[in-house]
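Naming convention: chains lettered A, B, ... in sequence-line order (proteins, then strands); numbering from 1 in each chain. Worth saying up front: this structure is predicted, and the values here are computed from it rather than measured.
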Amino acid sequence: MKYDHINIEKKWQDKWEEKGVFHAENNSVKEKFFALIEFPYPSGQGLHVGHPRPYTALDTVARKRRLQGYNVLYPIGWDAFGLPTENYAIKNHIHPAIVTQNNIARFKKQIQSLGISFDWSREVNTTDPSYFKWTQWIFLQLFKHNLAYKKEMSVNWCTSCKCVLANEEVVNGVCERCGSEVIRKVKSQWMLKITEYAQRLVDDLDTVDYPERVKAQQKNWIGRSTGAEVDFTATTGDTLTVYTTRPDTLFGATYMVVSPEHPYIEKWTDIIENIDEVRAYQQEAAKKSDFERTEMAKDKTGVMIKGVRAVNPVNNTEIPIFISDYVLVSYGTGAIMAVPAHDTRDWEFAKKFDLPIIEVVKGGNVQEEAFTDCATGVMVNSGMLDGLSVEDAKVKIKQWLTENGKGKEKVNFKLRDWVFSRQRYWGEPIPIINCPCCGYVPLDESELPLELPMVDSYEPTDTGESPLANITEWVNVKCPKCGKDAQRETDTMPQWAGSSWYFLRYMDPHNDTALASKEALEYWSPVDWYNGGMEHTTLHLLYSRFWHKFLYDIGVVPTAEPYAKRTSHGMILGENGEKMSKSRGNVVNPDEVVAEYGADTLRLYEMFIGDFEKSAPWSPDGIRGCRRFIERFYNLTSNIIDSDEIRPEMESAFHKTIKKVGEDIENIKFNTAIASLMSLINDLVNKGVTREELRIFTILVDPFAPHVAEEVWETANLGEGMVAEQKWPEYDEAKCKDETIEIAVQVNGKIKAKLNIAADAENDEVIALAKADEKVSNAIGNMKVVKEIYVKGKLVNIVVKP
RNA sequence: GCCGGUGUGGUGGAAUAGGCAGACACAAGGGACUUAAAAUCCCUCGAACCACAAAUUCGUACCGGUUCAAGUCCGGUCACCGGCACCA
């Protein structure tokens with residue numbers, strides 16, 4: 001019997017929607033389960049087969065949880081602001097809003113053809129004013145709590161997008177999005193103080209269930225380090241503070257280095273004897289991008305500042321001060337004490353400039369190379385620290401510094417504040433008015449949403465100003481505070497804004513008096529299970545945790561963390577094992593797969609292709625096995641034994657499969673869950689299937705291949721209603737066990753025979769049986785038995801000696 | 001350089017409180033059905049030895065260790081992937 005996937009899948013998709021079986025209830029006494037996927041950016045390319053992998057995975061979980069009686073919220077929406085849409089709009093002279101609308105329509109049609117159990121009644125769209133009203137509202141709260149501020153600073157500027165980028169968006173010195181060169185540009189930017197939350201963003205990772213690799217990457221990115229600030233006194237009388245993680249090596253500091261941007265250079269202009277040389281070096285450094293500076297890391301450059309020296313507070317030694325671009329202005333204090341004996345960078349610099357190298361931790365040959373692997377060493381040449389371990393020396397010197405007013409313990413982070421403005425049209429306008437008298441004045445909340453003006457030209461400008469700046473009728477307003485002439489902020493928010501809180505909107509998507517009602521937030525928070533890509537670990541995931549913590553602090557949301565559990569899917573690669581991309585020509589469009597094999601086959605294959613957390617290459621051959629499974633399942637309906645019971649000989653197989661499939665789904669081992677269903681169906685095809693067996697099997701298949709499950713349910717008349725309305729079967733642990741089992745018998749670890757024994761047979765009994773076996777006794781021969789081991793249900797090992 | 005991960009048949013991948021390596025599937029080969037093909041069904045399928053079978057030996061990147069027993073644990077090496085990187 002041929003399986004007509006085209007008509008059957010359409011039929012059930014319509015029925016599900018008609019009955020609203022996937023709609024979540026907001027006022028339910030049932031236990032809730034909130035499953036979340038990263039909502040897609042509706043690009044012009046449409047879906048490729050990588051998109052459905054996470055959607056299907058959580059759909060499998062969501063469908064199973066519904067069958068288990070949970071009130072499941074599994075929503076979707078569109079992260080639709082952003083540059084690709086805007087660039088496409090500019091090129092083709094279509095308004096980005098129209099482009100967005102078209103792309104969404106296409107994405108929606110594609111996704112709906114997959115039969116994912118999304119609650120479409122809660123669809124959100126970040127570009128919808130009723131949505132971004134609340135994105136702007138959150139920004140205003142951040143502003144009011146001094147977490148949003150404007151700052152003149154050197155920023156990453158993409159020469160092609162003509163737009164500022166966050167540090168996170170610069171990859172290897174080029175724009176993450178378009179691959180163009182990124183240069184430094186000094187601009188006034190809106191910033192968000194994510195650094196204020198750095199410590200909590202690290203600490204609270206202990207309270208959530210994320211994969212270790214995700215936690216590690218976030219910690220790495222936040223880059224917490226503990227050390228000390230040490231005050232050196234310059235010969236000018238100024239205090240020059242450095243940050244170090246190795247205060248124990250203070251006696252080994254033979255010179256200092258300040259970054260080219262350090263403010264003391266200005267201050268000391270008249271004192272520095274070689275100021276021209278210093279200035280020239282500053283200018284050279286300023287020309288280089290951050291990337292160039294780090295690329296040339298190997299070769300240290302710098303200039304000694306003549307006329308000023310610094311005094312080491314522990315031994316009053318005068319040491320020289322250099323400027324060098326290997327010291328970054330943006331980290332610590334922008335100045336370091338250099339300990340060449342125990343730091344590779346300082347060592348290289350000291351060698352180049354012929355500076356003294358003093359060993360302060362015993363163990364290496366510091367004239368040959370820096371001895372950095374010295375955490376367990378002993379202090380030397382260090383006055384009061386001599387003889388102490390590195391660990392103890394750290395404690396003692398910090399104490400000394402504090403007591404003598406020469407420094408203090410200090411924690412530093414690599415994380416920097418979030419550059420939040422973009423000089424583009426297609427983003428949320430920042431709801432701030434710049435008044436010459438009152439400064440930055442927040443728009444009154446009653447004026448939200450502040451919508452984008454409809455314009456003809458939204459091309460970026462070369463001057464670095466937002467295209468909104470040219471629209472004078474929009475820009476020029478009266479100051480809400482003093483009523484005088486003022487101007488709107490013309491920068492827009494980055495794409496990360498709308499996606500930093502979208503999961504909250506799903507809880508109550510049509511609310512127009514709050515981002516979501518208190519009741520909805522209380523009931524649905526936190527997200528129970530969030531699946532997404534590793535590429536968002538340091539961007540979206542960190543940003544949204546930051547916003548959520550802020551919303552928690554001001555009493556808007558009930559939990560400190562937004563996501564209780566996070567999982568990550570591997571990519572679907574092209575047939576050639578490379579990442580799918582248009583330029584590589586290895587993109588597989590799900591539409592074609594759905595047309596040829598059906599959505600169920602695609603879903604099943606995406607889950608069967610391999611370990612969900614690892615990437616796997618697409619195989620046009622591999623998918624055929626999944627289609628075969630669907631057909632074998634469908635054809636079971638013509639092989640039914642008229643019985644409403646599980647046959648005794650099938651009992652353990654069914655109980656085991658129920659257990660395995662259920663556990664594997666929760667543990668994201670979809671591939672082995674499907675393998676166990678395949679094993680069972682192979683048996684059923686041979687032995688036939690009773691009505692009850694088919695009923696159970698169909699429910700187990702449903703989370704993976706819901707259309708064919710419904711069709712089988714209906715065709716075989718297995719029960720009232722749809723499969724989607726049934727109860728997930730329970731298993732009985734006692735019935736998962738077989739009465740007789742096969743064990744292996746080894747002699748000295750080599751398998752000699754297989755034995756069928758009763759599962760509950762005792763040690764002695766099994767060993768006696770094993771020894772009675774002809775092959776085993778031959779192997780033992782007349783050697784001496786020294787040990788007999790029976791591992792219950794697994795094997796026997798008889799250890800013999802000649 | 002630092003952090004994280006991975007390494008198993010022709011292929012995708014199973015198997016870790018240490019216990020029969022290769023489940024499940026794909027591809028390939030052989031057979032049945034068919035005028036033929038497709039589909040379907042049955043058989044074989046890590047390697048060596050061998051006419052064949054039985055038996056034996058080898059085999060989870062590499063070297064070594066612990067153990068009755070190691071893909072799994074420990075020490076070391078190599079390769080690849082991802083992230084970070086002059087962060088003091």
Tell me which nucleotide, if any, is Watson-Crick or G-U wobble paired with [N] when both distances must be under 3.5 Å.
N: A28(B); value: U44(B)
N: A79(B); value: U6(B)
N: G1(B); value: C84(B)

With respect to the phosphate group of [N], does any side-chain polar atom (N or O) of [X] fall under 4.0 Å of OP1 or OP2?
X: Tyr326(A); N: A88(B); value: no
X: Asn778(A); N: A55(B); value: no
X: Lys794(A); N: G19(B); value: no
X: Thr344(A); N: C86(B); value: no

Nearest-nucleotide wise, let me know which of Lys752(A) and Ile336(A) is further upstream toward the 5' end of RNA chain B.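 The 5'-side residue here is Lys752(A).
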
Closest-nucleotide ordering on RNA chain B, the 5'-leading residue of Glu742(A) and Thr301(A):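 Looking at the nearest nucleotide for each, Glu742(A) comes out on the 5' side.
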
Checking all strands, does [X] fall into the base, sugar-phosphate, or nothing category for heavy-atom contacts under 4.0 angstrom?
X: Thr245(A); result: sugar-phosphate
X: Asn682(A); result: sugar-phosphate
X: Gly749(A); result: nothing
X: Ser676(A); result: nothing
X: Asn797(A); result: base
X: Met534(A); result: nothing
X: Lys754(A); result: base

Polar pair under 3.5 Å, donor/acceptor by atom type, side chain Lys414(A), base C84(B):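 No, no donor-acceptor pair under 3.5 Å.
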
Any idea how His540(A) and His536(A) line up, ring-wise: parallel (<30°), tilted (30 to 60°), or perpendicular (>60°)?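 If you compare the ring of His540(A) with that of His536(A), the planes turn out perpendicular.
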
Mind checking whether Tyr543(A) and Trp418(A) have parallel, tilted or perpendicular rings, split at 30° and 60°?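 It falls in the parallel class, under 30°.
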
Would you measure the distance from the P atom in A79(B) across to the matching atom in A61(B) and give it in whole Å?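 So the two P atoms sit 16 Å from each other.
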
With a 6.0 Å cut-off on the ring centroids, do Tyr3(A) and Phe633(A) count as close?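 For Tyr3(A) and Phe633(A), the ring centres are not under 6.0 Å apart.
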
For the pair Asn682(A) and Arg632(A), evaluate side-chain hydrogen bond (donor to acceptor under 3.5 Å, both in side chains) and give the outcome as yes or no after the intermediate values. CA-CA 9 Å; Asn682(A) 288 343; Arg632(A) 284 155 76 82; 2.5 Å; yes

Would you call Glu596(A) and Arg627(A) a salt bridge, taking side-chain N to carboxylate O under 4.0 Å as the test?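 Salt bridge flag = no for Arg627(A) with Glu596(A).
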
Strictly below 4.0 Å, N to O, side chains only: are Glu38(A) and Arg566(A) in salt-bridge contact?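 Looking at Glu38(A) and Arg566(A), the cut-off is met.
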
Classify every nucleotide of nucleotides 40-48 of chain B by which part a protein heavy atom approaches to under 4.0 Å, writing B for the base, S for the sugar-phosphate alone and - for neither, in 5'-to-3' order. SS-------

For each nucleotide in nucleotides 3-16 of chain B, reading 5' to 3', give B when a protein heavy atom comes within less than 4.0 Å of its base, S when such contact involves only the sugar-phosphate, and - otherwise. SS-S-----BSS--

If we ignore angles and hydrogens, is there a donor and acceptor under 3.5 Å between the side chains of Thr567(A) and Asn531(A)?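 Yes, because at least one side-chain N or O of Thr567(A) sits under 3.5 Å from a partner of the opposite role on Asn531(A).
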
Please report the distance, rounded to the nearest Å, between CG in Leu573(A) and C1' in C80(B).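 About 14 Å, once rounded to whole Å.
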
Gap between atoms CD1 and P, on Ile630(A) and A39(B) respectively (whole Å):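 It is 18 Å, rounded to the nearest whole Å.
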
Does Tyr326(A) have Lys300(A) sitting over its ring (NZ/CZ under 6.0 Å from centre, angle to axis within 45°)?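 Judged by the rule (NZ or CZ under 6.0 Å from the ring centre, within 45° of its axis), Lys300(A) counts as positioned above Tyr326(A).
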
